[in-house]
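Written out below as structure tokens is the structure these notes cover.
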Amino acid sequence: MRTIHVDDIKDTVARLCWEACYYLPFDILDSFKKAEQREVSPLGKSILNQLIENAEVAATEHMPYCHDTGLAVVYVEVGQEVYLTGGSFQESIHAGVRKGYQEGFLRKSVVGDPLLRVNTNDNTPAVIHTEIVPGDQVKITLLPKGGGSENMSAMKFLLPGEGVEGVKKFVIETIEAAGGKACPPVIVGVGIGGSFDKVTAIAKEAILREVGVHHHETHIAELEKELLEEINKTGIGPQGLGGVNTALWVAVETYACHITALPVAVNIQCHAARKKSAVI
Ligand SMILES: O=C(O)C[C@H](O)C(=O)O
């Protein structure tokens, strides 16, 4: 067994909060540059250049890439040979978010009660997904999820007979309904299968996948390519002002499901596609 103190988890989460919000990942920045080269709309090109410049300024000035520094979604893979000591594991993650958002001067975007709507003023609580995995390490991934694109995400139970064509139709309808409100160019995470809860979980996991990496199964990789092409034919374009870059990438994750069901979820990630991991 390896002993890890929960304060290490807290400090790592805190660091990941501001690192994720200041430094856009390389794969996302690279996808902006490729999108700028393909873009045919002068306005679209200008927007993509502004996104690239914005990312560079945020990184050099150590400032948030976007004013919406998101709801902190935290994925933790805990090795089954790890002994966590020093207090509550869950509380150490919330404490890390509290510390990271305060010390990193990140906007606090969480209300404690969805109906009473009073800001918790420290961006807690986080949304925490924990998985027990082999090994003696703890891997933490921070996904600060912006509100605008999350609001445009959707889930639907299709009839199994609707098949892959039904899935494509639902994804395109969701992207068209989102239009400019999801801050395109977006990353589109699609979940297919599982249950009501699982399908949305895998759609969100999909947006964490590196841009440029397709699903390992050929028919799913083909679906990703077709969806990307169809989404970019909508003409919504950068910031919804027209162009050939509505999405930078589409990632599809699947899971087994009930014989009567074909659940589909579309989790839209705005161009502020922040994600950062660390291993303890
Ligand atoms: O939360 C916000 O500031 C706005 C939001 O991210 C949006 O996309 O409109």
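Hydrogens, waters and symmetry mates play no part in the numbers below; they use all other heavy atoms, side chains included. Order of appearance sets the numbers: ligands from 1, and atoms from 1 within every ligand.
- With respect to Q269, the side-chain contact (heavy atoms from CB on, under 4.5 Å) criterion is satisfied by exactly one of V188, V186, L248, L143: L143.
- Counting heavy atoms only, G148 comes closest to atom 8 (O) of ligand 1 of the residues C270, G180, G148.
- K108 and D122 are not joined by a salt bridge, as no carboxylate oxygen comes within less than 4.0 angstrom of a charged side-chain nitrogen.
- Checking D30, I187, L29, V250 one by one against V211, the side-chain contact (heavy atoms from CB on, under 4.5 Å) holds for a single residue, I187.
- Y22 places a side-chain N or O within donor-acceptor distance of the main-chain N or O of G104, the cut-off being under 3.5 Å.
- Nearest protein heavy-atom contact of atom 6 (O) of ligand 1 is D68 OD2, 2.5 Å.
- Considering both main-chain and side-chain atoms, K181 never comes within under 3.5 Å of ligand 1 through any nitrogen or oxygen pair.
- The protein atom (non-hydrogen) at minimum distance from atom 1 (O) of ligand 1 is R107 NH2, 2.8 Å.
- Where the criterion is an N or O separation shorter than 3.5 Å, residue side chain and backbone included, H67 meets it with respect to ligand 1.
- Ring to ring, F157 and H258 are not that close: their centroids are 6.0 angstrom or more apart.
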